[in-house]
S.K.: 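Input: one structure, supplied below.
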Amino acid sequence: MEIPIINRIRRMEPSLATLLILTVGAIAVIGLVAAITAPVTDLVGDTQWHYVSAFHGLGATVFLLGSTIAVYLAWRLYTGQLTAFRDLKWLTAFSAFMSAVTIAFGNWIYIAYRAAGGPRSYFLGTLPEIHEIFFEFKEFIALFTLPMMLAATFLLWRYGPGIVKHKELRAAASLSVLLGWVYMILAYVLGAAITKLRGV
Amino acid sequence: MNTVSEAYPEPPALKFPTGEAMAALLAAAIGLLSLGLANIYSAIDTGFRAAITLNSGIGPYSGKEVFLFAGWFGSWVVLHFALRRREVNVKKWFGVFMGLMFVATLLVWPPVFAVIADAFMGG
């Protein structure tokens, strides 16, 4: 199986590939040193829910990053100007995977949200609209991301590069990625806002 | 600016009929409509709400997810085998898909589903 980023590095001029690997390596080393020496756990919190919450948020952020690049490539596909079809294929599949991971952690953290004394009872007692409108919508709309991203992944992998010649089918694939991204942004923004008001 | 023709001088023709693509998209929309309908029905019928509470931690949300995945994958299998050898009007069926997605989104927007549930309960 060919992984686009590794193939591209292999095809690069040796000096450019070395520069890239050195830069990424230096950032990784600095990141590792910082992670080992900094009191990272203080940022996460001290209960089991804080870790689940952190993974839910991190998953959503990685999903946001991957799908944002995917949606740009999907736009290029839509306009018939895509040159990196394999990148789009992989990023859409990655987005579908991250959607599933984020939903799984979301289900887990939802237990803490609904628990007695948790954010839900706090919102129902103080700001009921936050739970009854924004959170209720967020919990459902987050689920919309997975079918959209997986359907787009299916289209891109099943039909392959031939899809770029089919105007309507490439529009269907690219608009599905866009739709998945819009649902993801809605869930992400609402999740961040609700967490800011009352975390688990 | 690079174009498709530069990137893929001769992209291969479609390997499969367009029916497969539409099956995948329509199944996704059907799954999400199932979620929306299960959500509304759980607001109307407390017995149904209790029945779909498969996990006490996340409550009826657990059963609503089951409706989503069952509706999605179940309809995908059926539609895939029904449409896999057919060339369909992609423009028309993608329009249907977008319409279904619009309805599915409205069904999970609380001000809308609350009104529908109230109407069924005679409120």
Side-chain angles (χ1 to χ4, degrees), chain A residues 76-77 79-85 103 106-115 120 129 131-144 146-156 158-173 175-176 179-180 182-183 186, chain B residues 1-8 10-18 20-32 35-36 39 43 55-59 61-62 64-65 68-69 71-73 76 80 88-94 97-98 101 104-105 107-114:
Chain A
R76 303 285 293 176
L77 175 66
T79 58
Q81 297 174 319
L82 181 67
T83 55
F85 184 78
I103 287 170
N107 275 336
W108 197 355
I109 199 66
Y110 190 38
I111 297 169
Y113 178 87
R114 291 180 86 248
R120 184 174 76 155
E129 295 84 7
H131 172 76
E132 289 166 359
I133 296 180
F134 295 114
F135 189 83
E136 290 255 318
F137 186 58
K138 179 226 181 291
E139 71 177 12
F140 292 122
I141 215 69
L143 295 175
F144 279 51
L146 184 56
M148 290 304 98
M149 288 301 181
L150 199 62
T153 301
F154 175 80
L155 263 62
L156 295 169
R158 184 74 167 157
Y159 290 93
I163 203 171
V164 299
K165 277 283 188 187
H166 196 291
K167 195 175 169 186
E168 279 136 12
L169 210 51
R170 77 175 190 236
L175 289 176
S176 302
L179 210 49
V182 169
Y183 289 130
L186 284 170
Chain B
M1 184 181 284
N2 290 330
T3 64
V4 169
S5 58
E6 289 167 22
Y8 301 101
E10 282 299 327
L14 287 180
K15 290 186 281 188
F16 304 98
T18 51
E20 281 194 19
M22 285 303 108
L25 290 170
L26 291 172
I30 290 168
L32 293 168
L35 170 71
N39 180 46
N55 178 289
S56 59
I58 62 173
Y61 189 64
S62 50
K64 292 171 192 174
E65 285 187 311
L68 161 64
F69 289 109
W72 177 19
F73 291 120
W76 195 348
H80 180 82
V88 297
N89 182 336
V90 175
K91 204 172 188 175
K92 183 179 100 179
W93 285 104
F94 189 72
F97 161 76
M98 290 300 284
M101 289 306 299
T105 306
L107 289 182
V108 297
W109 175 237
V112 171
F113 76 66

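Letters A, B, ... are given to chains in the order of the sequence lines, protein chains preceding strands, and every chain is numbered from 1.
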S.K.: Do A:Y110 and A:E139 pair up side chain to side chain, a donor and an acceptor below 3.5 Å, judged on atom types alone?
M.R.: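 Judged by distance alone, the side chains do pair up.
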
S.K.: Is a side-chain N or O of A:R76 found less than 3.5 angstrom from the main chain of A:T83, in a donor-acceptor match?
M.R.: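 Side chain of A:R76 to backbone of A:T83, a donor-acceptor pair under 3.5 Å: no, none is there.
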
S.K.: Which bit of A:F154 comes within less than 4.5 Å of chain B, counting heavy atoms only: side chain, backbone, both or neither?
M.R.: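 For A:F154, the side chain is the part near chain B, not the backbone.
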
S.K.: Nearest 0.5 Å, what's the OH-CG distance between B:Y61 and A:N107?
M.R.: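 Spacing of OH (B:Y61) from CG (A:N107) equals 5.5 Å.
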
S.K.: Between B:G59, B:A114, B:G31, B:A29, which residue shows the highest count of heavy-atom pairs closer than 4.5 Å to chain A?
M.R.: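 Heavy-atom pair counts peak at B:G59.
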
S.K.: Tell me, side chain or backbone of B:I58 under 4.5 Å from chain A's heavy atoms, or both, or neither?
M.R.: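 For B:I58, backbone and side chain are both near chain A.
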
S.K.: Considering only heavy atoms from C-beta outward, does the side chain of A:S176 approach that of B:F94 to under 4.5 Å?
M.R.: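 They are in side-chain contact.
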
S.K.: Please confirm whether the backbone N or O of A:V164 pairs with a side-chain atom of A:R170, one donor and one acceptor, at under 3.5 Å?
M.R.: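 Yes, the answer is positive, given that a donor and an acceptor are paired below the 3.5 Å cut-off.
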
S.K.: Is it the backbone or the side chain of A:L146 that comes under 4.5 Å from a heavy atom of chain B, or both, or neither?
M.R.: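 It is both, since atoms from each part get that close.
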
S.K.: Heavy-atom distance under 4.5 Å to chain A: side chain of B:W76, backbone, both or neither?
M.R.: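 Just the side chain, heavy atoms under 4.5 Å.
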
S.K.: Has A:Y159 got a side-chain atom pairing as donor or acceptor with B:A21's backbone, closer than 3.5 angstrom?
M.R.: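 Yes, A:Y159 side chain to B:A21 backbone: donor-acceptor pair under 3.5 Å.
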
S.K.: Roughly how far apart are B:L107 CG and B:N39 CG, rounded to 0.5 Å?
M.R.: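 Here the rounded value is 8.5 Å.
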
S.K.: Counting only non-hydrogen atoms closer than 4.5 Å, does A:L169 touch chain B with its backbone (N, CA, C, O), its side chain (CB onward), both, or neither?
M.R.: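 Contact with chain B is through both the backbone and side chain of A:L169.
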
S.K.: Can you tell which part of B:M101 gets under 4.5 Å to a heavy atom of chain A, answering side chain, backbone, both or neither?
M.R.: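 For B:M101, heavy atoms of backbone and side chain both lie under 4.5 Å from chain A.
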
S.K.: Could you have a look at A:G160, A:P147, A:A152 and say which one has the most heavy-atom pairs with chain B under 4.5 angstrom?
M.R.: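 Top count of heavy-atom pairs under 4.5 Å with chain B: A:P147.
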
S.K.: Side chain, backbone, both or neither: which part of A:R114 has a heavy atom under 4.5 Å from chain B?
M.R.: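 Contact with chain B: side chain only.
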
S.K.: Between A:L77 and A:A173, what is the shortest heavy-atom contact and its length?
M.R.: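 Smallest heavy-atom distance, with atoms named: CD2-CB, 4.4 Å.
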
S.K.: Using heavy-atom distances under 4.5 Å, tell me whether A:Y113 contacts chain B through its side chain, its backbone, both, or neither.
M.R.: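 Looking at A:Y113, nothing touches chain B.
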
S.K.: Examine whether an atom of B:F16 lies under 4.5 Å from a heavy atom of chain A, and if so say whether it belongs to the side chain, the backbone or both; otherwise answer neither.
M.R.: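 Its backbone and side chain both get close to chain A.
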
S.K.: Looking only at heavy atoms and a cut-off of under 4.5 Å, which of A:L143, A:I103, A:L175, A:I133 has the most pairs with chain B?
M.R.: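 Of the options given, most contacts go to A:L143.
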
S.K.: What part of B:S62 is in contact with chain A, defined as an atom under 4.5 angstrom from a non-hydrogen atom: side chain, backbone, both or neither?
M.R.: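 For B:S62, neither part sits under 4.5 Å from chain A.
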
S.K.: For B:W109, is it the side chain, the backbone, both, or neither that has a heavy atom closer than 4.5 Å to a heavy atom of chain A?
M.R.: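 B:W109 touches chain A through backbone and side-chain heavy atoms alike.
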
S.K.: Starting at OH of A:Y183, measure out to OG1 of B:T105 and round the result to the nearest 0.5 Å.
M.R.: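 Spacing of OH (A:Y183) from OG1 (B:T105) equals 2.5 Å.
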
S.K.: For chain A, which candidate among B:L32, B:N55, B:L68, B:V90 shows the most heavy-atom pairs at distances under 4.5 Å?
M.R.: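 When all of B:L32, B:N55, B:L68, B:V90 are compared, B:L32 has the most.
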
S.K.: Taking every heavy-atom pair that is under 4.5 Å apart, which of A:K167, A:E132, A:R158, A:E168 has the most such pairs with chain B?
M.R.: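 Maximum pair count with chain B is reached by A:R158.
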
S.K.: Give me the ring orientation class for A:F140 and B:F113: parallel if the planes are under 30° apart, tilted from 30 to 60°, perpendicular past 60°.
M.R.: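 Perpendicular: the ring planes of A:F140 and B:F113 meet at over 60°.
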
